Amino acid sequence: MKLDELPAGWTVKPLRDCIAPKESWSLTRDPRQRIRYVELAGIDSERGLIANSSDIEAAKAPSRAKKIIRAGDVIFATTRPNLKNIAIVPPELNDEICSTGFCVLRPKKDAATSGWIFGIVRSDWFINQVIRHDEKNAYPSVSDDEVLDVEIPVPPLAEQRRIVARVEALTHRLDQARQARQAALAEIENVIQAAMQKAFDNEDDFTEASLGDVCTMKTGKTPPTAQTEYFDGDVLFVCPADVGQSLRITTAARRLSRKAVTDGKANLFPRGTVLLVGIGSTVGKVGLAETDLCTNQQITGLTFRSGIVPDYAAWFLTAQRAVIENAASDGGVPIINQKGMGELPFCFPESVAEQRAIVARLDALRGKLDALQRLQREVETELASFTPALLAKAFRGEL
């Protein structure tokens, strides 16, 4: 933003010229029984508000609890400013305390409004001015002075209020669009869950067995991390985070070398192996190897006997996620061992053609839903870019 091309009547000032002096708090000068304390972790950076504050005994307040905040103040986190932990203080936190990790911006009544200051300091333009200074610090942070020294555009107060009202109206519509997107994504998952339930709800026509009766199981393993020759090769190394993004596993964040396999430091699972996460928060997630690959020890590879289509098995186990989670023991970390896996129910039609027909129906639906999810992600990207563009226009006087 070029500050020499602003509308008539606008001025350019250092932010400090629009801000009242900060107020400091100490228990000796201002005895209190309890305080509401706001720290950096209490900020919801996406929504730009204080999501949490702590009610604590004043005598036990942390050493960083030293800044008084008033309703309408803007608090700007000076640690990792690029994270935009910035919020306006609400009335219920008037005369409370925040961490010294915030620069408290209290607009002078004759110079700026809270909404204008809040919008300015949350803009990408302002953040970029500030973070130029964090490179010279040992820790990614800036000082209050470095925040206050940034020159900002300042329109007349009436124009500030008009622009802020316009921005708030447009961002409200943005929030509604984002909520609609989230509801649509939730509905997508409901559709696929209903389709799986319908596909496998034919128990009278299906053969019932235990999972251990229809497949063999082998758990993956991780090579010694200190031996670098086992890593960064051309063999996919699948971890739980790689499972569940889609049913078929075609990529992974990490890779192993062929030497890890030949030295017996990793187990190679052939294409068509069904992968089941057996430990951790994602226990029960299922994937299907679309190429030869290895996994870590949290994942078990299932090789099904002749007559059971691996794709069918992967879809069936995906539909059984809740059953698998319930079967997992929880001694702090959910886990289901191979014995527990072997006792899981497994139902299937004897006809391979019927198994493939079920797979074809679910694959077709999943493909349509994946396309819709991609569209939703594209829309989210557009929505995310809307606010910075809107603020840039606002601060150029184009709203």
Side-chain angles (χ1 to χ4, degrees), residues 1-3 11-30 35-46 48-54 56 61-90 93-154 160 388 391-392 395:
M1 179 169 57
K2 296 181 179 180
L3 298 183
T11 59
V12 176
K13 299 178 181 180
L15 177 59
R16 70 172 64 253
D17 287 358
C18 302
I19 302 302
K22 66 182 179 182
E23 289 184 89
S24 297
W25 175 76
S26 71
L27 189 60
T28 54
R29 291 197 314 269
D30 181 7
I35 62 170
R36 295 293 303 183
Y37 176 57
V38 179
E39 53 189 334
L40 272 62
I43 305 299
D44 182 333
S45 59
E46 182 176 340
L49 52 79
I50 300 173
N52 294 294
S53 60
S54 305
I56 59 178
S63 60
R64 290 171 64 85
K66 289 183 178 177
K67 290 188 175 182
I68 297 175
I69 52 178
R70 307 282 181 187
D73 287 354
V74 177
I75 53 176
F76 182 101
T78 52
T79 300
R80 294 191 175 92
N82 60 299
L83 298 181
K84 295 187 179 182
N85 286 318
I86 306 165
I88 296 180
V89 177
L93 290 176
N94 184 60
D95 196 32
E96 297 295 352
I97 310 299
C98 77
S99 165
T100 54
F102 291 105
C103 178
V104 178
L105 306 173
R106 182 170 304 151
K108 293 179 180 177
K109 296 185 183 302
D110 61 347
T113 66
S114 295
W116 183 257
I117 297 299
F118 177 68
I120 283 282
V121 300
R122 285 194 84 209
S123 69
D124 289 345
W125 169 83
F126 186 90
I127 296 297
N128 289 336
Q129 306 303 304
V130 171
I131 62 178
R132 292 182 303 176
H133 301 287
D134 69 4
E135 296 178 356
K136 65 175 183 274
N137 300 323
Y139 192 71
S141 63
V142 294
S143 67
D144 284 11
D145 283 338
E146 287 166 336
V147 174
L148 295 169
D149 284 342
V150 177
E151 293 191 333
I152 65 169
V154 184
Q160 290 182 35
L391 292 175
F395 304 140

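Numbers for residues simply follow the sequence, beginning at 1. Every value quoted in this text rests on a predicted model; they were computed, and no experiment measured them.
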Next item on the list: Calculate, to the nearest 0.5 Å, the distance between atoms CZ and CD1 belonging to Phe76 and Ile43 respectively.
Entry: 12.0 Å
Note to self: Under a 4.0 Å threshold between the charged nitrogen and the carboxylate oxygen, would Asp144 count as salt-bridged to Lys67?
What the structure shows: yes
Next item on the list: For Arg106, check side chain to side chain donor-acceptor pair (under 3.5 Å) against everything at least two apart and list the hits.
Entry: Glu23, Asp73
Notebook entry, point to check: Between Trp25 (side chain) and Asp30 (backbone), is there a donor-acceptor pair under 3.5 Å?
Noted result: yes
Note to self: Strictly distance-based, threshold 3.5 Å: is any side-chain N or O of Arg36 a donor or acceptor partner for the main-chain N or O of Cys98?
What the structure shows: no
Checklist line | Spatial distance of atom CD1 (Ile68) from atom CG (Asn94) [nearest 0.5 Å] | finding: 10.5 Å
Next item on the list: Flag the pair Ile75 / Ser99 as yes when at least one side-chain heavy-atom distance between them is below 4.5 Å, and no otherwise.
Entry: no
Next item on the list: Check salt bridge (charged side-chain N to carboxylate O under 4.0 Å, His left out) between Arg64 and all other residues, then give those that pass, not counting sequence neighbours.
Entry: none
Item checked: Gap between atom SG of Cys103 and atom CG of Leu15 - 0.5 Å precision -> 7.0 Å
Margin query: Quick check for you: to the nearest 0.5 Å, what is the distance between Ile152 atom CD1 and Ser123 atom OG?
Written below: 9.5 Å
Checklist line | For Ser114, all residues meeting side chain to side chain donor-acceptor pair (under 3.5 Å), sequence neighbours excluded | finding: none
Check: If you measure from CZ on Arg29 to OG on Ser24, what distance do you get to the nearest 0.5 Å?
Finding: 6.0 Å
Notebook entry, point to check: Got a donor-acceptor contact below 3.5 angstrom from the Thr78 side chain to the Gly101 backbone?
Noted result: yes
Note to self: For Ile127 versus Asn82, what's the shortest heavy-atom pair and its separation?
What the structure shows: CG2-CA, 4.0 Å
Next item on the list: Please name all residues satisfying side-chain contact (heavy atoms from CB on, under 4.5 Å) with Asp17, sequence neighbours left out, ordered by chain then number.
Entry: Lys13, Pro14
Note to self: Is any side-chain heavy atom of Pro153 closer than 4.5 Å to one of Trp125?
What the structure shows: yes
Check: What pairs with Ile56 under side-chain contact (heavy atoms from CB on, under 4.5 Å), at least two apart in sequence or on another chain?
Finding: Ile35, Tyr37, Ser54, Ala61, Pro62
Margin query: If you compare all heavy atoms of Val74 against all heavy atoms of Ile117, which two are closest, and at what distance to 0.1 Å?
Written below: CG2-CG2, 4.1 Å
Checklist line | Minimum-distance pair of heavy atoms, taken over all atoms of Pro107 and Gly72 | finding: CD-O, 4.0 Å
Checklist line | ring pair (Phe, Tyr, Trp, His ring centres under 6.0 Å) partners of Phe102, counting only residues at least two apart | finding: none
Next item on the list: Of all the heavy-atom pairs spanning Pro81 and Ser141, show the shortest one and how long it is.
Entry: CD-CA, 4.5 Å
Next item on the list: Return the set of residues passing side-chain contact (heavy atoms from CB on, under 4.5 Å) with Ala41 (not counting sequence neighbours), or none when no residue passes.
Entry: none
Margin query: Between Gln160 and Val154, is the side-chain contact (heavy atoms from CB on, under 4.5 Å) condition met? List the steps.
Written below: CA-CA 8 Å; Gln160 290 182 35; Val154 184; 3.7 Å; yes
Next item on the list: Report the residues that fulfil salt bridge (charged side-chain N to carboxylate O under 4.0 Å, His left out) with Lys22, sequence neighbours left out, ordered by chain and then residue number.
Entry: none
Note to self: Run the side chain to side chain donor-acceptor pair (under 3.5 Å) test against Asp145 and tell me which residues pass, sequence neighbours left out.
What the structure shows: Arg16
Next item on the list: Give the C-alpha distance, both sets of side-chain angles, the deciding distance and a yes or no for side-chain contact (heavy atoms from CB on, under 4.5 Å) between Arg70 and Asp95.
Entry: CA-CA 5 Å; Arg70 307 282 181 187; Asp95 196 32; 2.9 Å; yes
Note to self: Looking at every non-hydrogen atom in both residues, tell me the closest pair between Cys18 and Ala111 and how far apart they are.
What the structure shows: CA-CB, 4.0 Å
Check: Residues in side chain to side chain donor-acceptor pair (under 3.5 Å) with Thr28, at least two apart?
Finding: Ser26
Item checked: Side chain to side chain, Asp124 and Lys84, heavy atoms closer than 4.5 Å -> yes
Check: Could you give the distance from CG (Asp44) to CG (Asn52), rounded to the nearest 0.5 Å?
Finding: 9.0 Å
Check: Taking all non-hydrogen atoms of both residues, which atom of Lys108 and which atom of Ile19 are closest, and how far apart?
Finding: CE-O, 3.2 Å
Checklist line | Student check: side-chain heavy atoms of Val121 and Val150 closer than 4.5 Å | finding: no
